[in-house]
Trainee: 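Shown below is the structure under consideration.
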Amino acid sequence: MHIIIGENRLELTIGDITKEETEAIVNAANGSLMGGGGVDGAIHQAAGPELLQACRKIRKEQLKGEPLGTGEAVITAGYNLPASYVIHTVGPIWNAHHPNQDKQLASCYRQALKLAKELDLSSIAFPSISTGVYRFPIKTAAEIAIRAITNYLQTATFGQVKMVLFSEADFRVYQSALKNITDSL
Ligand code: ADP
């Protein structure tokens, strides 16, 4: 399913993000940028070892040895992936008493879109950030993700944004969030 916002298109699909042919795909990384499980592991596996080398360089040079902060984003090439670029962002680890986590999750989507736009890219694919190992409740995460993306697309000419969901069940949750939010646009 898809919606049009100004000159932009937001699409929801089910699939494996490592196969996406958008110019950039987004990685739900951890602050170390050294790879991990879930979508992070799949992206590193498909991109090949040069991706890890590029992440090491960013840690050392751009981040001065510090981890990438939650809600922030950096960009590397895509190496063996069909996508030319990978935008790495760190979602919040869900915690029932953490007041900032909704803002941090929204920031992941916004920062990734801003970075892509700065590089003049016009297509990007996101996974469902924080809803795997980081345990963010998917219904809330989907509302935050769709709202962050639609808010951005209402203010910018970007192009194509895809949410690539890994299961039919996740797709349905995002579909319902998209319906609720577009009804109120
Ligand atoms: P996080 O640590 O941010 O929770 P995970 O990788 O554990 O990240 O999970 C984020 C989401 O990515 C989950 O919904 C998971 O099912 C999904 N996922 C895992 N592998 C892929 C893939 N190859 N393509 C798209 N989504 C994926």
Side-chain angles (χ1 to χ4, degrees), residues 1-2 10-49 51-52 55 58-59 67-76 78-98 100-113 115-116 123-149 160-178:
M1 96 176 263
H2 77 271
L10 168 58
E11 186 178 342
L12 307 182
T13 57
I14 303 176
D16 175 353
I17 202 163
T18 66
K19 308 265 192 299
E20 277 301 325
E21 293 180 359
T22 45
E23 285 168 282
I25 63 169
V26 176
N27 182 15
N30 57 61
S32 79
L33 296 182
M34 293 298 121
V39 73
D40 195 6
I43 289 173
H44 275 273
Q45 177 80 37
L51 182 61
L52 188 57
C55 287
I58 287 181
R59 271 296 295 280
L68 181 63
T70 305
E72 293 175 6
V74 294
I75 189 162
T76 64
Y79 303 101
N80 297 336
L81 291 164
S84 304
Y85 298 94
V86 179
I87 295 179
H88 307 260
T89 186
V90 183
I93 299 175
W94 192 76
N95 169 328
H97 307 292
H98 191 322
N100 262 338
Q101 59 197 351
D102 292 14
K103 285 197 180 115
Q104 288 173 329
L105 185 58
S107 171
C108 289
Y109 289 92
R110 202 173 45 245
Q111 295 303 327
L113 286 162
L115 199 47
S123 60
I124 189 169
F126 286 96
S128 175
I129 298 167
S130 284
T131 64
V133 178
Y134 283 3
R135 302 188 322 273
F136 212 103
I138 190 160
K139 189 165 177 289
T140 315
E143 280 163 13
I144 294 168
I146 300 289
R147 200 171 289 283
I149 295 169
Q160 186 197 15
V161 179
K162 277 175 118 174
M163 278 296 318
V164 181
L165 289 324
F166 208 43
S167 70
E168 176 90 39
D170 288 2
F171 176 80
R172 284 210 202 92
V173 178
Y174 274 78
Q175 194 177 35
S176 132
L178 182 59

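Only a predicted model underlies this, so the values are computations on that prediction, with no experimental measurement involved. Just follow the structure's listing: the first ligand is 1, and inside any ligand the first atom is 1.
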Trainee: Would Arg59 and Ser32 count as a side chain to side chain contact (heavy atoms under 4.5 Å, CB included) if you check the C-alpha gap in whole Å, the side-chain angles of each, and the deciding distance to 0.1 Å?
Mentor: CA-CA 8 Å; Arg59 271 296 295 280; Ser32 79; 3.8 Å; yes
Trainee: Within ligand 1, which atoms have a heavy atom of Asp16 less than 4.0 Å away?
Mentor: 22 (C), 23 (N), 24 (N)
Trainee: Would one find an N or O of Ile129, backbone or side chain, under 3.5 Å from an N or O of ligand 1?
Mentor: no
Trainee: Which heavy atom of the protein is the closest neighbour of atom 17 (C) of ligand 1, given with residue, atom name and distance?
Mentor: Phe166 CB, 3.9 Å
Trainee: Which atoms of ligand 1 have any heavy atom of Gly15 under 4.0 Å away?
Mentor: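 It comes down to these atoms of ligand 1: 24 (N), 25 (C).
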Trainee: Applying a 4.0 Å heavy-atom criterion (strictly less than), which segment of Asp170 is in contact with ligand 1: side chain, backbone, both, or neither?
Mentor: side chain
Trainee: Go through the steps to decide whether Met163 and Ile149 satisfy the test side chain to side chain contact (heavy atoms under 4.5 Å, CB included), and finish with yes or no.
Mentor: CA-CA 10 Å; Met163 278 296 318; Ile149 295 169; 3.8 Å; yes
Trainee: In the protein, which heavy atom is nearest to atom 12 (O) of ligand 1, and how far is it?
Mentor: Val39 CB, 3.9 Å
Trainee: Write out the residue and atom name of the closest protein heavy atom to atom 14 (O) of ligand 1, then the distance separating them to 0.1 Å.
Mentor: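 Looking only at protein heavy atoms, the one closest to atom 14 (O) of ligand 1 is Thr131 OG1, 3.3 Å.
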Trainee: Measure up the Phe136 and Trp94 rings against each other and bin them: parallel (under 30°), tilted (30 to 60°), perpendicular (over 60°).
Mentor: perpendicular
Trainee: Which ligand 1 atoms does Ala28 reach within 4.0 Å, using its non-hydrogen atoms?
Mentor: 3 (O), 8 (O)
Trainee: For atom 7 (O) of ligand 1, which protein heavy atom lies nearest, and how many Å away is it?
Mentor: Val133 N, 2.8 Å
Trainee: Taking atom OH as the centre, does Tyr85 end up with more than 12 heavy-atom neighbours from other residues, nucleotides or ligands that are less than 6.0 angstrom away?
Mentor: no
Trainee: Assess whether side chain to side chain contact (heavy atoms under 4.5 Å, CB included) is satisfied between Leu51 and His88, documenting all intermediate values.
Mentor: CA-CA 11 Å; Leu51 182 61; His88 307 260; 3.8 Å; yes
Trainee: Tell me whether Thr22 contacts the main-chain N or O of Ile25 through its side chain, where contact means a donor paired with an acceptor under 3.5 Å.
Mentor: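 No: the side chain of Thr22 does not pair with the backbone of Ile25.
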Trainee: Within the structure, does Ile17 bring an N/O atom to less than 3.5 angstrom of an N/O atom in ligand 1?
Mentor: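 So ligand 1 has an N or O lying under 3.5 Å from an N or O of Ile17.
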Trainee: Which ligand 1 atoms are under 4.0 Å away from a heavy-atom of Gly132?
Mentor: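 Once the distances to Gly132 are compared, the set is 4 (O), 5 (P), 7 (O), 9 (O), 10 (C).
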Trainee: Which protein heavy atom lies closest to atom 3 (O) of ligand 1, and at what distance to 0.1 Å?
Mentor: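 Of every protein heavy atom, Ser130 N, 2.9 Å lies nearest to atom 3 (O) of ligand 1.
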Trainee: State, yes or no, whether a side-chain contact exists between Val26 and Pro127 at a heavy-atom distance under 4.5 Å.
Mentor: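 Yes, side chains in contact.
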Trainee: Under 3.5 Å, N or O to N or O, is Asp40 touching ligand 1 that way?
Mentor: no
Trainee: Are Ser130 and Gln101 close enough that some pair of their side-chain heavy atoms sits under 4.5 Å apart?
Mentor: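 A side-chain contact is absent here, since even the closest heavy-atom pair is not under 4.5 Å.
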Trainee: Take every heavy atom of Ser128, measure it against each atom of ligand 1, and state whether any distance is under 4.0 Å.
Mentor: yes
Trainee: Distance check, rounded to the nearest 0.5 Å: Leu105 atom CG versus Thr89 atom OG1?
Mentor: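 Answer rounded to 0.5 Å: 9.0 Å.
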